[in-house]
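Scroll down for the structure; my scribbles are underneath it.
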Amino acid sequence: MDILAKGIALAGCAIGAGLALIAGVGPGIGEGNAVAKALEAIGRQPECKGEVTSTMILGCALAETTGIYGFVTGLLLIFVAPGMFMGHLK
């Protein structure tokens, strides 16, 4: 029973880490769309380049934090959580 419980805990950590790392897809798509729309806006009105660029960079930075949170969560599930689970199962 002990080996089964450890296997289930490790499998849960691996599945959770994989799902957490999928969070990197959303910011990539969002940032690509933001840059495309910013380039469109600059192409239509070149005089607003500074304002559009600064707003786009701020938006991309905020969107990137979502991917970083997912990455950190995945790393914690891979390296920290299994040790904690094994400590509780002993």
Side-chain angles (χ1 to χ4, degrees):
M1 187 66 170
D2 188 39
I3 294 174
L4 180 63
K6 288 181 181 181
I8 291 172
L10 291 175
C13 289
I15 291 169
L19 291 174
L21 293 178
I22 291 175
V25 174
I29 293 170
E31 289 173 23
N33 287 337
V35 171
K37 295 298 180 178
L39 290 175
E40 255 182 56
I42 292 170
R44 291 175 193 240
Q45 294 182 348
E47 65 273 4
C48 69
K49 178 182 178 185
E51 187 176 324
V52 170
T53 303
S54 62
T55 304
M56 180 202 63
I57 290 173
L58 178 64
C60 286
L62 290 174
E64 189 63 33
T65 58
T66 306
I68 292 171
Y69 290 147
F71 179 68
V72 169
T73 303
L75 287 178
L76 288 173
L77 283 171
I78 292 171
F79 295 111
V80 177
M84 291 175 55
F85 284 131
M86 295 309 131
H88 289 297
L89 292 175
K90 287 183 181 179

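V25 and L21 are assigned to two separate hydrophobic clusters, defined by single-linkage of ILVMFWY side chains at heavy-atom distances under 4.5 Å. Under the 4.5 Å side-chain heavy-atom criterion for Ile, Leu, Val, Met, Phe, Trp and Tyr, F71 and F79 are members of the same hydrophobic cluster.
Heavy atoms only, all atoms of each residue included: L77 and A17 are closest at CD1-N, 3.5 Å. Annotation for A23 and G70: closest pair CB-CA, 4.0 Å, computed over non-hydrogen atoms. Summarising the geometry of P27 relative to G67, their closest heavy-atom pair is CG-N, 3.5 Å, with the distance given to 0.1 Å. The shortest non-hydrogen separation linking G74 to A20 is N-CB, 3.9 Å.
We find the CG-CZ distance between L39 and R44 to be 12.0 Å, quoted to the nearest 0.5 Å. Note that the CD1 atom of I15 and the CD1 atom of I8 stand 10.5 Å from one another [nearest 0.5 Å]. Atom OG1 of residue T53 and atom CD1 of residue I57 lie 6.5 Å apart, to the nearest 0.5 angstrom. Rounding to the nearest 0.5 Å gives a distance of 12.0 Å between CD1 of I78 and CG of L10.
Looking only at distances, a side-chain donor or acceptor of T65 sits under 3.5 Å from a matching main-chain atom of L62.
Open room surrounds CD on E51; 12 or fewer heavy atoms of other groups in view lie less than 6.0 Å from it.
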